[in-house]
Amino acid sequence: MTLLYGHKRRKEALVAILAALCLALAVTGYAQERRVRALTLQVSATYHKALYEAAELLGGVRLGLEKFMVSSSPAQRQAILNDMARQAEGAQDDLSLLPSDHPALDGAIKFANQVSDYASVLAQQIGGGGQLSQDDLSQLQGLHTSCVKLLDQLETLAQAYERGELQFPVEQEDLRSAAQSTQDTQPLVSYPVLLYDGPFSDGKPEGQVQAPGSPVTQEQAAQALKDFIGAQRVSQVRLVGESQILSECYEFEADTESGVLEAGVTKAGGHVLYMLPTSAVDQVNLSQAECIDLGAQFLAAKGYGDMAVSYWRQQDGILTVNYAAQQDGVILYPDLVKLQISMANGLVVGLEAGNYLRNHVSRALPLPLVSEEQAMAQLNGALSVERIRRCVIPLDVGEAQCWEVTARFQGGNRYLIYLDTQTGQERSILQVVEQEDGILTQ
C-alpha cells in the first residue's frame, strides 16, 4: 500500500513538472513570437524610412541639377555638385538597406552611384579651374531626365507600400541585425516651429536667443502674452512649465475664442517667442491677400516696425506667412517673423519670432559697388529677369547684402538668384514653387 502511494505521488509530481515545463515552453514561445513580430515591424519600419529618405535625397539631386543649369558662377556650381554628390551617396546608402530584387530599386542604386561619382569628378574639375564641356552639360541634362523618371517610380513604389500592395521580404539576417541594434531611445526635445518654407525661412537657427530686456516674473510674462494676443480675446492664461530650448521661457496655455494657444514667453524682456494653435480651423471666410494684410497690421501694432511680406502657404483654414524686417527699403531676411493667421476671422493664432529676436539690429548697409545692370549682365543668358531688389541674406557665417533677382529659366521655372552687391559673387539660388495653397522656395 505504501509503495503504491509513493508511486502515485511520484507520478503526480512528474505530471506537475511536465505541466510546468509545457507552460514555461508556451510562455517562452509566446514571448519569442512577440519579439520576432516586434523585430519584424522594426525591420519593416527601417525599410519604410529608407525608401522615403532615398526619395527625398534624390529629390535634392533633381533640384541640384536644375539649379546647376541656372547658375553662372563656377564657385556656386562646384558647391551644387558637391551637395549632389553627398545626397546621391546618402540615397545609395538608404537604397542598399532595401531588398534589391525589385528592378526599380536595382536601377536606383546604380543611378545614385553614377551621379555621386560623376558630380564629384565635375566638382573637382571646376575646383581646379577647368571648364565643363558641352558633353558634360548634355550628360547632366540626361541625368536630370533620368532622375525625374526614377522619382516617379519610387513614388509609385511608396504608394503601393502604403496600400499594402508591396511587401519587402524580411530575412533572418535582418532580424538578427535589428535585435543587435535595439535600444531604448528618448525623444528629442525640439523647439516648436511653423511648417513653412520661404526664402531663408530657417534663418540662422544655431545658438540661444538672447532676448533683450530685464527679467520678468511669471505674472508679468502672462500679462505680456495676454496683451500680445489681445486681452479681449483671452479668458485665461495657465503656466504649464518652463523651458530653455532657444531661450529661458515660461510656457503657457491661453484660452481664447479661437481655441487653446500654446506659447513661450522669454524670461528676459517678456517677449513672445512662439505661439501655436492646438485646434484646426475649418472655415475659410477671408482671402489670402486679406489675411496677409491683417497679419502686417498685427505686427505693426505690436511694434515690429517696417515689415515686408515674403512668401506664404495655406494649410486648411490657416495661412502661414513670412514677414521680413526692412531697413531703408532693404529686406532683412535674417530678421524673419512667421505668423499663422486664421482664415475664418483673420486673427493671429501662431507665431515664430526666434530669428527676429536673435538677429534684429540696425545694420550698416553700404551702397552697392555692383550696380543692378552689372549684376544682371553676369546672369545665365537663359534667364529672363522679372524683378531685382536689395536684401540681406544669412550665410553659414555672417550675412551678405545681395541683389535678389527674380527670373525665369527658359520661360519655365522661376528662380531667386542672390548676387553680392559688393563683389558680384553668386551667393545662393532658390527655386520658386507656385502651388494652389501658396508659394514656397526650395
Side-chain angles (χ1 to χ4, degrees), residues 188-216 220-221 224-225 227-229 241-252 261-276 295-296 298-313 320-340 348 350-365 390-402 404 418 420 427-428 430 441:
L188 295 177
V189 177
S190 59
Y191 167 63
V193 294
L194 311 182
L195 298 178
Y196 170 74
D197 288 319
F200 311 103
S201 61
D202 290 334
K204 294 187 295 181
E206 72 279 359
Q208 291 287 101
V209 173
Q210 302 298 326
S214 303
V216 298
Q220 290 171 323
L225 178 60
D227 293 341
F228 185 83
I229 297 172
E242 299 181 7
S243 68
Q244 49 183 358
I245 299 170
L246 280 186
S247 182
E248 290 193 30
C249 283
Y250 297 107
E251 304 287 331
F252 294 103
L261 303 179
E262 298 177 344
V265 180
T266 62
K267 292 184 178 182
H271 304 280
V272 180
L273 179 64
Y274 78 88
M275 185 169 69
L276 291 171
F298 177 88
L299 290 175
K302 302 306 174 184
Y304 278 89
D306 189 14
M307 305 292 286
V309 177
S310 184
Y311 288 60
W312 62 88
R313 187 172 189 178
T320 302
V321 188
N322 267 8
Y323 298 87
Q326 291 190 110
Q327 180 181 323
D328 300 328
V330 179
I331 298 172
L332 309 177
Y333 279 120
D335 306 11
L336 282 176
V337 178
K338 299 181 188 181
L339 288 187
Q340 284 188 325
V348 172
L351 166 86
E352 186 185 319
N355 284 326
Y356 184 90
L357 291 174
R358 180 188 289 111
N359 300 315
H360 187 58
V361 293
S362 179
R363 291 166 170 81
L365 298 174
R390 284 167 67 193
C391 66
V392 172
I393 67 171
L395 304 176
D396 291 337
V397 178
E399 300 175 344
Q401 185 185 170
C402 291
E404 179 188 66
Y418 294 89
D420 196 300
R427 290 286 191 173
S428 183
L430 297 174
T441 60

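Every value quoted in this text rests on a predicted model; they were computed, and no experiment measured them.
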Listed partners of [X] passing side-chain contact (heavy atoms from CB on, under 4.5 Å), at least two apart:
X      : value
Ala221 : Val216, Tyr250, Phe252, Val265
Gln327 : Leu332, Ser362, Arg363, Leu365
Ala308 : Gln326, Ile331

Testing the basics here: between [X] and [Y], what is the closest heavy-atom pair and its distance to 0.1 Å?
X      : Y      : result
Pro334 : Asn359 : O-ND2, 2.9 Å
Gly264 : Cys249 : C-SG, 4.3 Å
Arg427 : Cys402 : CG-SG, 3.8 Å
Ala224 : Gly270 : CB-O, 3.5 Å
Val337 : Met307 : CG2-CE, 3.9 Å

Calculate, to the nearest 0.5 Å, the distance between atoms [atom1] and [atom2] belonging to [X] and [Y] respectively.
X      : Y      : atom1 : atom2 : answer
Ser214 : Lys267 : OG    : NZ    : 15.5 Å
Glu404 : Ile393 : CD    : CD1   : 9.5 Å
Leu273 : Glu352 : CG    : CD    : 8.0 Å

Test item: [X] and [Y] side chains (from C-beta on) under 4.5 Å apart, heavy atoms:
X      : Y      : value
Lys302 : Leu299 : no
Leu276 : Leu261 : no
Arg390 : Gln401 : yes
Leu339 : Thr320 : no

Open item on the list: I'd like to check the ring pair (Phe, Tyr, Trp, His ring centres under 6.0 Å) partners of Tyr356; sequence neighbours left out, ordered by chain and number.
Closed with: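 Tyr356: ring pair (Phe, Tyr, Trp, His ring centres under 6.0 Å) contacts with Tyr304, His360.
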Open item on the list: Between Tyr333 and Glu399, is there a side-chain donor-acceptor contact under 3.5 Å, judged purely by atom types and distance?
Closed with: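 Side chains of Glu399 and Tyr333: no pair found under 3.5 Å.
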Task: Ring centres under 6.0 angstrom apart (Tyr311, Tyr323) - done: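 Judged by ring-centre distance (under 6.0 Å), Tyr311 and Tyr323 do not meet the cut-off.
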Open item on the list: Is it the case that the side chain of Thr266 and the backbone of His271 share a donor-acceptor pair, with hydrogens and angles ignored and the cut-off at 3.5 Å?
Closed with: yes
Open item on the list: Looking at Asp335 and Ala324, would you say the former's side chain and the latter's main chain have a donor-acceptor pair under 3.5 Å?
Closed with: no
TODO: Using the test side chain to side chain donor-acceptor pair (under 3.5 Å), find all partners of Glu251 that sit at least two apart in sequence or belong to another chain.
DONE: Ser243, Tyr274
Task: Set of residues satisfying salt bridge (Lys or Arg N to Asp or Glu O under 4.0 Å) with respect to Glu262, sequence neighbours excluded - done: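 Not a single residue meets the salt bridge (Lys or Arg N to Asp or Glu O under 4.0 Å) criterion with Glu262.
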